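None of these values were measured; they are calculated from a predicted model. By convention in this document, chain letters (A, B, ...) are assigned in the order of the sequence lines, proteins followed by strands, and residues within each chain are numbered from 1.
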Protein chains: 2
Amino acid sequence: MKDFTSPISVKRIAEPTVRRLSLYLRFLEDFEKAGRATISSGELAHVGHTTSAQVRKDLSFFGSFGKRGLGYDTGALTAQIRRILGLDRTWKVVIVGAGKIGSALAQHRGFRERGFDVVGIFDVDPHRVGYMLDGVSISDVKGLEAIVRRLEAEIAVLAVPPEVAQGIATRLSKAGVHAILDFSTEPLKVPADVTVRSMNLAMEMEILSFALANR
Amino acid sequence: MKDFTSPISVKRIAEPTVRRLSLYLRFLEDFEKAGRATISSGELAHVGHTTSAQVRKDLSFFGSFGKRGLGYDTGALTAQIRRILGLDRTWKVVIVGAGKIGSALAQHRGFRERGFDVVGIFDVDPHRVGYMLDGVSISDVKGLEAIVRRLEAEIAVLAVPPEVAQGIATRLSKAGVHAILDFSTEPLKVPADVTVRSMNLAMEMEILSFALANR
DNA sequence: TCCTGTGAAATTCTTCACAGCC
DNA sequence: GGCTGTGAAGAATTTCACAGGA
């Protein structure tokens with residue numbers, strides 16, 4: 001990501017900032033539903049377990065959205081954050097692996113509701129291929145590259161056994177996917193222009209274990 | 001966590017450090033399986049996408065486990081990290097919510113294999129109560145507190161709709177649970193002696209969306 | 001007066017660099 | 001010669017504190 005290409009992000013944005021923006025967005029949506037017209041950095045901070053200065057600093061990387069003495073317009077700030085996060089459009093998502101986790105995800109409401117459109121599902125198991133999950137039929141993973149290219153999928157969710165995750169990730173990268181959400185346990189090696197996030201259940205459980213063992 | 005109570009952790013340990021220890025452990029297990037007797041900080045760093053200095057610093061918070069000029073004994077370091085993370089014992093886990101995600105988790109191999117023993121599963125739906133999931137029968141969530149206390153469960157996995165997550169988290173805290181893995185989207189308010197980690201699918205997808213929108 | 005936006009200070013985390021031991 | 005352990009330096013992130021506009 002070059003620093004000077006985008007009119008929005010002038011300098012590199014830290015991951016914790018993006019993470020908090022996602023939280024703020026959720027709160028803003030709640031506030032909007034509750035009919036609140038404006039909101040202060042202090043109120044956002046309160047629900048997000050952070051400080052008002054942090055909220056203002058986070059937002060300041062992207063512009064000046066508030067009014068001194070007043071706070072932020074709830075609707076306008078919501079729209080701004082949605083735009084910043086790239087949520088002012090839909091993204092095409094494929095799910096690889098139609099096992100327990102993969103199929104739970106495929107049927108997950110929140111996905112489509114939040115602009116992530118599941119356009120393809122893949123599995124190796126011939127017994128699963130051809131079945132429908134929430135309106136999308138399961139394809140043989142053999143056809144991964146061709147189908148991903150044809151669908152122009154941008155994001156892939158990886159819910160496959162850890163020993164095949166790396167191989168699939170490489171194939172996805174070559175097929176033009178630039179973002180991967182990985183549910184396996186080992187870190188993936190991917191080209192520099194591919195972003196990987198992992199949902200590592202084992203790691204989270206171990207962090208909890210550490211907290212319990214050392215309290 | 002008091003600084004002076006434990007013989008292991010002399011100063012407060014940063015979360016990124018714990019996170020990396022969990023990664024190192026996974027690599028060490030791979031190295032052990034591959035029959036490697038020793039391993040250097042550089043090798044661990046390489047697979048973990050970090051630096052050798054970082055690996056040594058992380059370990060140095062807990063002791064001196066290596067031999068200069070040689071590296072670390074694979075088996076010994078594995079054992080040390082397991083002990084540091086509290087994985088030299090089993091933890092009793094309850095799963096609340098036997099929907100798609102909850103039941104996928106209940107049947108998840110890796111859980112028991114890594115010392116997290118699922119001793120209870122709860123749901124509100126009377127149609128689900130009484131059914132077995134991987135050897136554990138689903139209990140009515142009404143009996144949550146009593147059963148959690150009786151089982152002496154230490155960790156809870158929350159896979160319930162977001163609007164009830166806070167209520168369940170409060171009940172779990174009162175029933176003696178000190179660690180919660182939350183799959184819902186809103187941050188939970190819990191007493192200071194309860195650790196919460198969240199697996200927030202929406203947030204991870206939004207971070208990917210941000211990366212795509214700003215690359 | 002209230003609350004934002006932001007440089008400056010403080011804190012936290014990572015990297016450097018080297019003495020010390022195998 | 002190779003690799004650890006660790007203070008010190010450097011970088012990144014958070015918090016402070018206050019000027020300034022509604």
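Within the 4.5 Å cutoff, the side chain of A/Met199 has heavy atoms near those of the B/Leu201 side chain. When side chains are defined from C-beta on, A/Phe210 counts as touching B/Ile13, because their heavy atoms get closer than 4.5 Å.
A donor-acceptor pair is defined here as one N or O able to donate and one able to accept, closer than 3.5 Å; no such pair exists between the side chain of A/Ser198 and the backbone of A/Phe183. At distances below 3.5 Å, at least one donor-acceptor pair connects side-chain atoms of B/Asn200 with backbone N or O atoms of B/Ala202.
Ion pair B/Arg114/B/Glu29 flagged as a salt bridge, since at least one NZ, NE, NH1 or NH2 atom sits closer than 4.0 Å to an Asp/Glu carboxylate oxygen. Electrostatic pairing of B/Lys67 and B/Asp73 does not count as a salt bridge here, judged by no charged N lying under 4.0 Å from a carboxylate O. A salt bridge does not link A/Asp30 with A/Arg36: none of the charged nitrogens is closer than 4.0 Å to a carboxylate oxygen.
For B/His46, the NE2 atom is loosely surrounded, since the number of other residues' heavy atoms within 6.0 Å does not exceed 12.
First and last contacting nucleotides of DNA chain C toward chain B (any atom under 4.0 angstrom from a heavy atom, 5' to 3' order): C/dC13 to C/dC22.
Under the 3.5 Å distance criterion, with hydrogens and angles disregarded, a donor-acceptor pair is assigned to the side chains of A/Gln166 and A/Thr170.
A salt bridge (Lys or Arg N to Asp or Glu O under 4.0 Å) with A/Glu206 holds for exactly one of B/Arg82, B/Arg19, B/Arg26; it is B/Arg26.
For the contact set between residues 23-53 of chain A and DNA chain D, defined by any heavy atom under 4.0 Å, the members are A/Thr51, A/Ala53. Looking at residues 64-73 of chain B, you'll see B/Ser64, B/Phe65, B/Gly66, B/Lys67, B/Arg68, B/Gly69, B/Leu70, B/Gly71, B/Tyr72 sit with a heavy atom under 4.0 Å from some atom of DNA chain D.
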Between protein and nucleotides 11-13 of chain D, what N or O pairs are separated by less than 3.5 Å?
none

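When the nearest nucleotides of DNA chain D are assigned to A/Arg56 and A/Thr17 by heavy-atom distance, the more 5′-ward of the two goes with A/Thr17.
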Side-chain donor-acceptor contacts of residues 148-156 of chain B below 3.5 Å, not counting sequence neighbours, with atom names and distances?
residue: B/Arg149; atom: NH2; partner: B/Lys174; partner atom: O; Å: 3.2
residue: B/Glu154; atom: OE1; partner: B/Lys92; partner atom: N; Å: 2.9
residue: B/Glu154; atom: OE2; partner: B/Arg89; partner atom: NH2; Å: 2.8

If you look only at distance, which donor and acceptor atoms sit under 3.5 Å apart when one is on a side chain in residues 184-192 of chain B and the other is two or more places apart or in another chain?
residue: B/Ser184; atom: OG; partner: B/Asp182; partner atom: OD1; Å: 3.1
residue: B/Ser184; atom: OG; partner: B/Asp182; partner atom: OD2; Å: 3.0

